[in-house]
Structures are given as structure tokens and as C-alpha cells.
**Student:** 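Below is the structure I would like to discuss, written out as C-alpha cells.
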2 protein chains.
Amino acid sequence: MYSYKYPHPAVTTDCVVFGFNGSGLSALLIKRGIEPYKDSWAFPGGFLHMDETAEQGALRELREETGVRDIYIEQLQAFTGVERDPRERVLTIAFLAFVRQDDYEVIGGDDAAEARWFPVDELPSLAFDHAEIMRVALDRLRWKIQYEPLAFRLLNSTFTMSQLQTIYEAVLGQTFDRRNFHKKMLAMGYITPTGDSLQNNGRPAMLYRFDAELFRKAIENKKVL
Amino acid sequence: MYSYKYPHPAVTTDCVVFGFNGSGLSALLIKRGIEPYKDSWAFPGGFLHMDETAEQGALRELREETGVRDIYIEQLQAFTGVERDPRERVLTIAFLAFVRQDDYEVIGGDDAAEARWFPVDELPSLAFDHAEIMRVALDRLRWKIQYEPLAFRLLNSTFTMSQLQTIYEAVLGQTFDRRNFHKKMLAMGYITPTGDSLQNNGRPAMLYRFDAELFRKAIENKKVL
DNA sequence: ACAAAAGTGTTTACTTTACACCCATGA
DNA sequence: TCATGGGTGTAAAGTAAACACTTTTGT
């Protein structure tokens with residue numbers, strides 16, 4: 001037992017993991033193996049340990065519950081509704097993650113009976129206030145992809161322009177002119193051709209690479225992200 | 001005493017309150033009246049109660065410690081470093097606020113021995129990790145003012161174009177061409193002239209008003225904030 | 001030769017920047 | 001009448017949007 005002079009809320013972390021499989025945008029959910037909301041789908045997450053930051057906790061829970069590891073996450077926001085958990089006062093710090101969906105064999109583990117990807121437009125009903133968290137996460141994703149090079153975290157290290165365009169179209173829910181898209185992306189100054197090409201069905205497509213070094217220089221010069 | 005099966009961190013809220021007094025940008029700080037960091041300057045804030053959301057807690061602490069009440073705040077982010085408080089594990093949820101500096105007689109109260117405004121470029125050294133919070137808050141402010149009508153929260157309900165321009169220049173640390181600034185602001189479509197004017201030193205300046213209704217319509221039509 | 005997907009350039013519209021003179025008021 | 005700050009328009013540059021034909025590959 002742990003005792004405190006004043007009441008303390010419990011603190012959890014949750015990870016909204018977005019993945020891309022070549023066509024549509026998905027989110028990684030786990031089926032809860034324990035109460036409350038047993039057998040409901042929810043974001044991977046769990047109670048914060050005393051010796052880890054929220055970010056470390058979120059990564060640990062993600063690894064334990066889905067097998068996904070070593071990825072980039074960033075804080076979304078804290079959700080602090082008083083009644084969001086029936087057990088006791090629990091607030092959660094939600095994180096956003098972006099991964100190449102095919103890099104991971106997601107497997108349920110620990111408190112998760114099962115883990116799988118759901119297309120973001122075919123989500124099941126979610127435990128706790130996770131539907132609200134999902135709304136905020138999608139808004140943030142749509143906002144950020146326009147100002148930060150998030151898309152490259154969802155692609156292999158080399159990619160074609162149409163793969164890149166597919167991500168933007170999936171996230172923003174609109175289509176772009178192929179020629180203008182191509183021009184605009186190259187004009188950013190941090191996407192470089194590799195020289196290789198990738199073949200699927202028609203003419204082979206050139207492969208590009210995101211250059212983090214050039215990106216850093218680009219934002220320095222242009223003073224806006 | 002309050003006992004739990006697993007250890008719980010303590011949770012506080014902190015408010016980074018930005019104010020504008022007609023010329024420069026300031027932040028509201030309190031001098032801590034209790035340990036730890038007694039007599040250091042810090043953001044107003046304190047422990048979260050079990051029956052309030054983080055936002056409610058932040059507003060309550062702000063009221064208790066500085067007398068500032070009934071203002072708009074928004075969540076900045078949670079700060080969760082393991083060693084950020086010497087007493088026990090404490091994580092804080094930081095909020096951002098924007099106020100008309102002259103609307104409030106700030107007064108120290110509760111755990112705060114004193115409360116006063118500091119120009120953001122003349123801040124004292126801060127308690128806990130509040131210097132880090134300040135950095136994040138300023139980054140966020142600079143980012144948001146370019147995309148959201150924050151400036152109007154810092155001004156009286158009617159204002160002149162040069163007052164508005166002064167805020168943008170103070171926050172972003174750069175100057176703008178008076179004519180282009182004027183055009184751009186009116187082009188937003190949600191700033192309307194009141195018909196009145198304000199006199200200070202030369203020719204009287206037209207007074208404008210921020211129209212929240214027009215703003216709502218403007219973001220609907222332009223689909224980007 | 002045909003189907004499928006990829007590569008590419010030009011014109012037009014729009015947005016942003018640069019820039020200077022006249023006006024209203026108080027001292 | 002002078003000093004102070006406010007109001008305003010136009011031309012040039014840059015950015016974004018519209019738009020269609022040709023190329024490479026596999027079948």
C-alpha cells in the first residue's frame with residue numbers, strides 16, 4: 001500500500017498509433033483483456049510507473065501490449081475528465097505515434113487480449129473516452145502533416161511520389177494534382193532522388209528519400225516550419 | 001491519509017499567463033511563499049483536486065494565487081520529468097492564458113507571497129522546471145498567434161490597428177509594414193470598424209472590433225484555420 | 001499494340017511584398 | 001506651422017492552381 005497525505009489521481013498513458021499500409025490510414029487498437037471495459041477496443045496504454053517519464057511509460061506499454069517498439073511518439077494532450085474511469089480518478093496523457101504498418105507484427109500481450117489495425121474510418125466503439133481522444137488525435141494529425149514531415153515516418157526509407165501523395169490524400173481526405181504535388185514536394189528542398197526506381201504495374205517509379213539534414217537547413221533558412 | 005495499491009504521482013497544474021500592456025509582452029509570476037523553492041518566482045499553480053478537471057484546477061489556482069479570474073486558458077502540455085520536484089513524484093499539466101494586463105489588479109494570495117508581471121525578456125530565474133515550461137509556452141504562443149485570433153484576447157474589445165500590430169511585433173519579434181499589415185488583417189474578414197476613433201498623439205486612429213461570428217464563418221469557408 | 005502508371009512544362013490566377021504621399025489632430 | 005501618428009493604392013515578384021501529352025514497362 002502506498003499512502004499520501006492528500007488524495008492523488010492515478011495516471012495512465014495512451015498511445016494513438018497511426019499506420020499506413022500503402023493505401024489507407026489505420027490506427028492500432030487492443031482488445032482489453034481485463035476490466036473495466038473488458039473485451040472493448042482501446043488504445044494501448046496503462047499506468048505510469050514512478051521511475052519513468054510519461055513518454056517512457058507510453059513506449060513501454062505500447063511494447064508490452066502490441067510488440068511495437070523503438071518508434072517516434074509525441075505528446076498529444078492530457079485528458080482529465082473526472083469520471084473518465086469507473087475505478088477511481090484516472091487521468092491519461094495521450095501520445096501520438098506514426099509507424100510503417102508493415103514493419104510490425106502486432107501481437108496482443110500483457111493486459112491486451114488482441115491487437116490489430118483498424119482503418120480510421122471503420123473504427124469500433126472505443127473504451128473510456130477514447131473516441132474523444134481519437135477525434136483530437138485526428139485533428140492534430142491533419143494539422144501537423146501540413147507543417148511537419150510526418151508522412152515520412154509512415155513510409156519506408158525510400159518511397160515513390162505516388163506513395164507520398166497517397167498518404168497526404170488519406171490523411172487530409174482530398175485529392176491533389178499529381179504534377180503540382182510533385183513540384184511542391186521537391187520545392188520543399190529536403191526530398192532527394194535515390195537513383196533507383198520501383199516497379200509495380202506500369203512505368204517504374206523513381207524512388208526518393210527524406211533527407212533530415214536538408215530538412216534542418218530548410219527550416220533554418222525559411223524561419224517558418 | 002489516502003492509500004492506494006499502487007504508487008500514484010502527485011499532479012499539479014500551472015498557468016503561463018501572457019499579458020500585454022500596450023507595448024511589450026509580459027508573463028504573470030508569483031513568488032512562492034512555501035517550500036520548496038520558497039521565495040523563488042514560479043508560475044501560479046498547485047495541486048489538482050479530485051473533483052475538478054485540470055482546466056478547472058488551473059483556473060482555481062490562478063484565482064487563489066493572483067486574483068485573475070474568468071479567463072480563457074488552453075492546455076499547453078504535461079511535464080513529467082521524474083525529478084522535477086524534490087518532494088515526491090509530481091507531474092504538472094501546464095496551461096496557457098492570454099489576458100489584458102490592465103484588466104487585473106494582480107495580488108499575491110494563498111501560497112503566493114507576491115504576484116507581478118515580468119516582461120518576457122526580463123524574466124527572473126524560475127523554480128522547478130518552469131524555465132523549460134516557459135520556453136515551450138513561448139514557442140507555442142508564437143506558433144499559434146499566426147493561425148488563431150489570440151491577439152484579440154490581449155486587447156480591449158475595441159482596438160486600433162497599431163495596437164494590434166504592436167502585439168504581433170512583440171510576440172514574433174519582428175516588424176511589419178504598416179500598410180500591408182492593415183490590409184492583411186482586414187482581409188481575414190473578421191475585423192470590423194466600429195466607427196469610433198481613438199486619439200492619442202497625432203491623427204485619431206480608427207477603432208476596430210474582433211467579430212467572433214464572422215471568424216466562425218471565415219474558418220468554415222476557408223477550411224483552414 | 002494496348003493497358004497501366006509515371007514523368008514533365010506552361011499559362012493563369014492569386015497572394016505577398018515593397019514602397020511614399022497626404023490627412024487629422026494638438027501643441 | 002510643425003510634429004506626430006494614421007490612412008491608403010499600385011506595381012512587381014513570388015507562389016499556387018489548372019491543365020494534357022509523352023514515356024516506360026508488362027501483357
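Throughout, a chain's letter reflects where its sequence line sits, starting with A, and its residues are numbered from 1. The figures that follow rest on heavy atoms only: side chains count, while hydrogens, waters and symmetry mates do not.
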**Student:** Rounded to the Å, how far apart are A:Leu186 CG and C:dG9 P?
**Tutor:**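 Whole-Å distance recorded here is 11 Å.
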**Student:** Does C:dA24 have its OP1 or OP2 closer than 4.0 Å to a side-chain nitrogen or oxygen of B:Gln199?
**Tutor:**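 For C:dA24, neither OP1 nor OP2 has a side-chain N or O of B:Gln199 closer than 4.0 Å.
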**Student:** Distance criterion of 3.5 Å, no angle test: do you see the side chain of A:Arg203 paired donor-to-acceptor with the base of C:dG7?
**Tutor:**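 Such a pair does not exist between side chain and base.
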**Student:** Assess whether one donor atom and one acceptor atom, taken from the side chain of B:Arg179 and the base of D:dG7, lie less than 3.5 Å apart.
**Tutor:**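 Between D:dG7 and B:Arg179, which were checked side chain against base, a qualifying N/O pair under 3.5 Å is absent.
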**Student:** Return the value, rounded to whole Å, for the distance between atom CG of A:Leu198 and atom P of D:dG26.
**Tutor:**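 Going from A:Leu198 (CG) to D:dG26 (P), I get 12 Å.
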**Student:** For B:Asp177 and for B:Gly202, find the nucleotide of DNA chain D with the closest heavy atom, then tell me which residue's nucleotide is more 5'.
**Tutor:**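 Final value for this comparison: B:Gly202.
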**Student:** In whole angstroms, how far is the P atom of D:dA17 from the CD atom of A:Gln174?
**Tutor:**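 Checked: the CD to P distance equals 10 Å.
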**Student:** Give the rounded distance in Å between these two atoms: CD of A:Gln165 and P of C:dA6.
**Tutor:**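 Value for this atom pair: 9 Å.
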**Student:** Assuming nearest nucleotide by heavy-atom distance, tell me which of B:Tyr208 and B:Asn201 is located more 5' along DNA chain D.
**Tutor:**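 Comparing both residues, the 5'-ward one is B:Asn201.
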**Student:** When you measure from the side chain of A:Lys183, which nucleotide among D:dT4, C:dA5, C:dT10 comes out closest?
**Tutor:**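 Among D:dT4, C:dA5, C:dT10, the one nearest the side chain of A:Lys183 is C:dT10.
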**Student:** Examine distances only and state if a side-chain atom of A:Gln75 and a backbone atom of B:Ala78 form a donor-acceptor pair shorter than 3.5 Å.
**Tutor:**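 Answer holds: yes.
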**Student:** Quick one: CZ on A:Phe18 to CG on A:Leu141, what's the gap to the nearest 0.5 Å?
**Tutor:**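 So the gap between those two atoms works out to 5.0 Å.
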**Student:** Check the distance between C:dA18's P and B:Phe181's CZ and give it to me in whole angstrom.
**Tutor:**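 Result: 16 Å.
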**Student:** Mind calculating the distance between CD (A:Gln146) and C1' (D:dA16) to the nearest angstrom?
**Tutor:**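 Nearest whole value for this atom pair: 15 Å.
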**Student:** Quick one, A:Thr192 and A:Tyr208 - any side-chain contact, counting heavy atoms below 4.5 Å?
**Tutor:**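 Not touching, per the 4.5 Å side-chain cut-off.
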**Student:** Could you state the CE-P distance from B:Met161 to D:dG7, rounded to the nearest angstrom?
**Tutor:**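 Atom CE in B:Met161 sits about 8 Å away from atom P in D:dG7.
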**Student:** Taking the side chain of A:Met206 as its heavy atoms from C-beta onward, which of C:dG7, C:dT17, D:dT8 lies nearest to it?
**Tutor:**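 Of C:dG7, C:dT17, D:dT8, C:dG7 is nearest to the side chain of A:Met206.
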**Student:** Can you see whether B:Tyr72 has B:Arg153 sitting over its ring - NZ or CZ less than 6.0 Å from the centre and within 45° of the normal?
**Tutor:**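 Relative to the ring axis of B:Tyr72, which defines the angle, B:Arg153 lies inside both limits.
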**Student:** In whole Å, I'd like the distance from the NE2 atom of B:His182 to the C1' atom of C:dA18.
**Tutor:**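 After rounding, the gap between these two atoms is 18 Å.
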**Student:** Could you please name the option among D:dG7, C:dA24, D:dT25 that lies closest to any side-chain atom of B:Pro204?
**Tutor:**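 Of D:dG7, C:dA24, D:dT25, C:dA24 is nearest to the side chain of B:Pro204.
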**Student:** On a plain distance test, is the side chain of A:Asn180 in donor-acceptor contact with the base of D:dA18 below 3.5 Å?
**Tutor:**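 Indeed, a donor on one side and an acceptor on the other fall under 3.5 Å apart.
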**Student:** At less than 4.0 Å, is any side-chain N or O atom of A:Ser162 found next to OP1 or OP2 of C:dA6? Yes or no.
**Tutor:**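 Result: yes.
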**Student:** Would you say the side chain of B:Glu61 lies within less than 4.5 Å of the side chain of B:Thr13, judging by non-hydrogen atoms?
**Tutor:**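 B:Thr13 vs B:Glu61: side chains touch.
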